[in-house]
Asker: 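The following block contains the structure, expressed as structure tokens.
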Protein chains: 2
Amino acid sequence: MKQSLLHKLKDTLAGNGLKVTHQRLVIFETIDGASNHPSAEQIYDKIRKKNPSISLGTIYKTLEVFVEKGLINRVNTPKGNMRYDGIMENHNHLYCLNTNEILDFKDEKLSEIISDYLKSKKINNFNIKDIRLHITGEKIDIDKKVNFDNN
Amino acid sequence: MKQSLLHKLKDTLAGNGLKVTHQRLVIFETIDGASNHPSAEQIYDKIRKKNPSISLGTIYKTLEVFVEKGLINRVNTPKGNMRYDGIMENHNHLYCLNTNEILDFKDEKLSEIISDYLKSKKINNFNIKDIRLHITGEKIDIDKKVNFDNN
DNA sequence: CTTGCTGCAAAAGGTTTGCAGCTCC
DNA sequence: GGAGCTGCAAACCTTTTGCAGCAAG
């Protein structure tokens with residue numbers, strides 16, 4: 001984990017009267033080091049290997065705190081469960097219906113086009129907090145051609 | 001319910017070797033007549049008033065069939081639960097974080113801008129099935145000024 | 001009549017909650 | 001030392017599943 005991020009985490013916690021615990025450090029590290037937008041359970045499984053006594057409840061509570069304080073993002077999926085994303089820069093996601101992977105789709109220009117368009121439209125009676133493009137489909141793996149049951 | 005929609009429902013069911021049951025008619029009618037993107041539970045509650053013996057399991061199974069056959073859309077929400085939408089034309093949603101309402105945001109031009117942009121970008125290794133803009137925020141009610149606990 | 005559907009009830013995920021004991025500051 | 005956090009287990013909520021009896025074609 002980059003030193004600057006560690007500082008941000010500690011500062012944010014301290015600034016909110018929250019304690020810097022081992023569990024919080026490890027959970028943050030795990031999300032930051034993951035490129036796969038892990039679920040709470042996946043974070044739990046990964047951490048448990050080195051830290052067998054951590055509990056799933058703590059993972060959930062900690063994720064809640066991190067989301068609330070703007071340290072990570074919660075991502076909802078077509079399957080209905082939640083995933084977590086350490087990248088805070090504005091970006092969108094590709095949802096693979098076959099593998100359940102969430103792939104990052106960073107495109108500042110597109111984000112800008114959409115937000116400019118919405119601004120120009122001046123949606124009445126609605127205070128926009130977040131704009132997110134959900135692109136669902138299927139990842140095409142060039143190397144291995146995979147066959148699925150429902151084809 | 002419009003006659004054409006009723007026909008579409010019956011034809012789709014019959015065409016797939018599925019039976020046209022009272023429950024299916026009522027569930028379809030309920031979604032079609034709803035402007036609020038109901039959850040399974042909400043559909044259940046509404047139908048139960050006139051149809052006390054219907055079961056929630058049937059609602060879920062029926063919704064699954066309808067979604068599979070392209071008669072309705074399933075919509076996932078920031079809260080994680082699923083909602084159902086009878087409008088099949090391409091459109092986007094505004095998610096109100098205060099009231100949990102889902103408001104329709106129909107804007108063909110925007111949908112076109114986004115899909116054209118993505119086409120021009122030619123995303124490799126991903127076969128796009130659906131593009132959906134999720135706009136989250138807060139509905140502003142002009143008439144009544146509401147105070148929330150967390151202000 | 002036969003296949004598929006319904007209602008019921010149980011089970012399965014995923015997430016939240018309550019609380020006693022422990023940790024950080 | 002005291003507020004806040006953790007681990008545990010139970011509870012919760014939404015959705016799925018299995019099955020015996022029932023209804024549609």
Side-chain angles (χ1 to χ4, degrees), chain A residues 6 9-28 30-31 37-48 50-69 71-72 74-84 100 102, chain B residues 6 9-28 30-31 37-48 50-69 71-72 74-84 100 102:
Chain A
L6 187 60
L9 170 63
K10 289 185 175 175
D11 289 354
T12 303
L13 291 175
N16 285 278
L18 301 169
K19 286 175 178 165
V20 179
T21 65
H22 179 61
Q23 289 88 336
R24 284 178 177 165
L25 291 173
V26 177
I27 294 169
F28 191 77
T30 302
I31 298 166
H37 310 80
S39 65
E41 193 87 32
Q42 288 172 326
I43 294 167
Y44 178 52
D45 286 343
K46 196 161 185 182
I47 291 178
R48 225 174 0 159
K50 298 205 167 181
N51 230 308
S53 72
I54 201 164
S55 89
L56 188 53
T58 298
I59 307 276
Y60 275 106
K61 284 170 194 162
T62 302
L63 290 171
E64 171 80 31
V65 169
F66 287 176
V67 170
E68 225 164 58
K69 300 308 174 198
L71 291 163
I72 62 172
R74 193 199 310 271
V75 176
N76 68 336
T77 69
K79 283 273 169 64
N81 65 336
M82 295 298 173
R83 308 269 289 265
Y84 298 86
N100 285 326
I102 299 176
Chain B
L6 187 60
L9 171 62
K10 289 185 177 176
D11 289 354
T12 303
L13 291 174
N16 286 277
L18 301 169
K19 287 175 179 167
V20 179
T21 65
H22 178 61
Q23 289 87 336
R24 283 178 178 166
L25 291 173
V26 176
I27 293 169
F28 191 77
T30 303
I31 298 166
H37 311 78
S39 66
E41 193 88 31
Q42 287 171 326
I43 295 168
Y44 179 52
D45 286 342
K46 196 162 185 181
I47 291 177
R48 223 172 4 156
K50 298 205 168 183
N51 230 309
S53 73
I54 201 164
S55 89
L56 188 53
T58 298
I59 307 275
Y60 274 105
K61 285 171 194 162
T62 301
L63 290 171
E64 171 80 32
V65 169
F66 288 176
V67 170
E68 225 165 59
K69 301 307 174 198
L71 291 162
I72 62 172
R74 195 199 309 270
V75 177
N76 68 336
T77 69
K79 284 273 170 64
N81 65 336
M82 295 297 173
R83 307 269 289 265
Y84 297 87
N100 284 325
I102 299 176

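The structure displayed is predicted, hence computed values, not measured ones. Each chain gets a letter, A, B and so on, in the order its sequence line appears, and its residues count up from 1.
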Asker: What's the closest nucleotide to the L56(B) side chain, out of dT15(D), dG7(C), dT15(C)?
Answerer: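 Side chain of L56(B) sits closest to dT15(D).
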Asker: How many whole angstroms separate atom CE of M82(A) from atom P of dT15(D)?
Answerer: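 Roughly 11 Å, once rounded to whole Å.
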Asker: Does T58(A) make a side-chain N or O approach to OP1 or OP2 of dG7(D) shorter than 4.0 Å?
Answerer: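 For dG7(D), OP1 or OP2 has a side-chain N or O of T58(A) closer than 4.0 Å.
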Asker: Please report the distance, rounded to the nearest Å, between CG in N51(A) and C1' in dT6(D).
Answerer: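 One finds 12 Å between C1' of dT6(D) and CG of N51(A), rounded.
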Asker: How close or far is atom P of dG18(D) from atom CD of E64(B), stated in whole angstroms?
Answerer: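 Value for this atom pair: 14 Å.
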Asker: Between P on dC13(D) and CG on N100(B), what's the gap in Å once rounded to a whole number?
Answerer: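 Value for this atom pair: 15 Å.
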Asker: For A40(A) and P52(B), take the nucleotide of DNA chain C holding the closest heavy atom to each; which residue's nucleotide lies nearer the 5' end?
Answerer: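 Here P52(B) is the residue nearer the 5' end.
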Asker: What integer distance in Å separates L13(B):CG from dG25(D):P?
Answerer: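 Value for this atom pair: 9 Å.
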Asker: Write down the distance between CZ (R24(A)) and P (dC25(C)), rounded to a whole number of angstrom.
Answerer: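 Going from R24(A) (CZ) to dC25(C) (P), I get 10 Å.
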Asker: With a 4.0 Å limit, can you tell me whether Y60(B) has a side-chain N or O closer than that to the phosphate oxygens OP1/OP2 of dT16(D)?
Answerer: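 Looking at the OP1 and OP2 atoms of dT16(D), neither is under 4.0 Å from any side-chain N or O of Y60(B).
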Asker: Would you tell me if any nitrogen or oxygen in the side chain of Q23(B) comes within less than 4.0 Å of OP1 or OP2 on dG7(C)?
Answerer: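 Answer yes for this pair, as a side-chain N or O of Q23(B) is under 4.0 Å from OP1 or OP2.
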Asker: With a 4.5 Å heavy-atom cut-off, do L25(A) and L6(A) have their side chains touching?
Answerer: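 Yes. Closest side-chain heavy atoms under 4.5 Å.
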Asker: If you compare every side-chain N and O of T21(B) against the phosphate oxygens of dG4(C) (OP1, OP2), does one of them come in below 4.0 Å?
Answerer: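 Checking dG4(C) against T21(B), no side-chain N or O comes under 4.0 Å of OP1 or OP2.
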Asker: Do L18(B) and R24(B) have side chains that approach each other closer than 4.5 Å (heavy atoms only, starting at C-beta)?
Answerer: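 A side-chain contact under 4.5 Å exists here.
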Asker: Grab the CG-P distance between N81(A) and dT16(C) for me, whole Å please.
Answerer: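 Distance check: N81(A) CG to dT16(C) P gives 12 Å.
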Asker: Relative to the 5' end of DNA chain D, which residue comes earlier, L18(A) or K19(B), by the nucleotide with the nearest heavy atom?
Answerer: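 Result of the comparison: L18(A).
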Asker: Any heavy-atom pair between the side chains of T77(A) and N100(A) that's under 4.5 Å?
Answerer: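 Side-chain contact under 4.5 Å: no.
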Asker: Check whether any side-chain heavy atom of I47(A) sits under 4.5 Å from a side-chain heavy atom of I59(A), and report yes or no.
Answerer: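 Of all side-chain heavy-atom pairs linking I59(A) with I47(A), at least one is under 4.5 Å.
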Asker: On a heavy-atom basis, which atom in A40(B) and which in L63(B) lie closest, and how many Å separate them?
Answerer: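 Distance-wise, the nearest heavy atoms are CB-CD1, 3.9 Å.
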Asker: Taking only the side-chain nitrogens and oxygens of S53(A), find out if one of them lies under 4.0 Å from OP1 or OP2 of dT6(D).
Answerer: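 Negative; the distance criterion is not met.
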Asker: Between the base of dG18(C) and the side chain of K61(A), is there any donor-acceptor pair under 3.5 Å?
Answerer: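 Yes, a donor-acceptor pair under 3.5 Å.
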Asker: Pick base, sugar-phosphate or nothing for I54(B), based on heavy-atom distances below 4.0 Å to the nucleic acid.
Answerer: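 If one applies the 4.0 Å heavy-atom cut-off, I54(B) turns out to touch the sugar-phosphate alone, with no base involved.
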Asker: Grab the CG-C1' distance between L63(A) and dC5(D) for me, whole Å please.
Answerer: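 Result: 15 Å.
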